[in-house]
Amino acid sequence: MLESIRARFAEFEIHALWVAKPANIRYLTGFTSPSDAKLLVTESAAVLYTDARYTVQAQNECRVPHVIARWEEVFAHVKPLVSGKNVGFEADAVMYSDFHELLQGLAVSLRPVTDIVEPLRAIKTPIEIQKMRHAAQIADVALEQILPLIVPGASERDIALELEFQMRRLGADGAAFEIIVASGERGAMPHGTASHKLIQDGELVTIDWGAFLDGYHSDCTRTVAVGQVSDHLLEIYRTVLEAHRLGMAAVKPDAKCFDIDAISRDFIHGAGYGEFFGHSLGHGVGLNVHEAPRLSFRASGDERLEVGNVVTVEPGIYVPGIGGVRIEDMVLVTLGGCESLTHAPKQIL
Ligand code: ZN
Ligand code: ZN
């Protein structure tokens, strides 16, 4: 992995890279508390810097040499390794105050870089796939266990709590993100985290959840009906389900990310709900819940899927005052198309 990073140094006109993004640090070193670490990669060396709380952990986990130091001491160690060199830093992760500190501490030429580690992370290794498959499986089983609790009178929060509890009991390290449970009119908020609202008969309930396991995330959404829902909500559900099916069928190696988004989006538009689908069709998942590649109308024309990408397909329709539907699966791009890693049933009306 480090060699692949170094191979890109020339392209960015750098001789070394200062890595601050936790997911990138974890990916390149194996260290599982990357929020409390920094990583320097030079042409001939790599050093992880962390503090004394992690002496044993760094020893056990880190695949590159590490230095235990107080933050004030770190630059004294880094300086001789980078003197006279162009040092790249992650422009989309470093705050101005950190940049200032780096500039003072290293006294070298700093070069902003973006997307130097992320493209590597977008292609999952077999071990990463195994972890994500396991996370997705835990999430599937947990949903199945809490489905009977989704009844009139139950609160959104209680459902979210139970879902997280079940995932942890099944071996997850936690929820992949704050669980969304959005019922009735709240379903019109794509990111409506669980509230104290009580679920009522005749409502749709959108649940967006995932498991966090060994650094990796799963991501899935289902919308379930409580009792008899209106024909209007049924029509919205069927529209999203078909948009989802079309999107899934379009996921294959070499497919353009923009085009896959367009296939689902055009269908929703044709059904008259275009203005109610505001977000992208999907995103990459891995060490972060949202990472490359993105299936989006914002993707550039040359962004294409590759074997080993893990992406979500998640069309939705959100009608203010009425409610909403989203259906999301997390899929692995394979030679023949894609394989869904999430398997919770979709026909739950
Ligand atoms: Zn999701
Ligand atoms: Zn998602």
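First listed ligand is number 1; within each ligand, the first listed atom is number 1.
Counting only distance, with no hydrogens or angles, the side chain of Asn86 and the backbone of Glu13 share a donor-acceptor pair below 3.5 Å. Side-chain atoms of Thr239 come within 3.5 Å of backbone N or O of Glu235 as a donor-acceptor pair.
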- request: Run the numbers on Phe267 and His269 for ring pair (Phe, Tyr, Trp, His ring centres under 6.0 Å), then give the verdict.
  value: CA-CA 5 Å; Phe267 179 78; His269 189 83; over 10 Å; no
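At a cut-off of 2.8 Å, His290 does not coordinate the Zn ion (ligand 2) through any N, O or S atom.
In this structure, Gly227 and Asp201 approach most closely via the heavy-atom pair CA-OD1, 3.4 Å.
For the pair OD1 of Asp208 and OE1 of Glu328, the angle whose vertex sits at the Zn ion (ligand 1) is 100° to 10 degrees.
Among the heteroatoms counted here (N, O or S) of His283, NE2 is the one nearest to the Zn ion (ligand 2). The nearest N/O/S atom of Glu314 to the Zn ion (ligand 2) is OE2. Atom OD1 is the N/O/S atom of Asp219 found closest to the Zn ion (ligand 1).
Under the 6.0 Å cut-off for aromatic ring centres, Tyr216 and His134 do not qualify, their centroids lying 6.0 Å or more apart.
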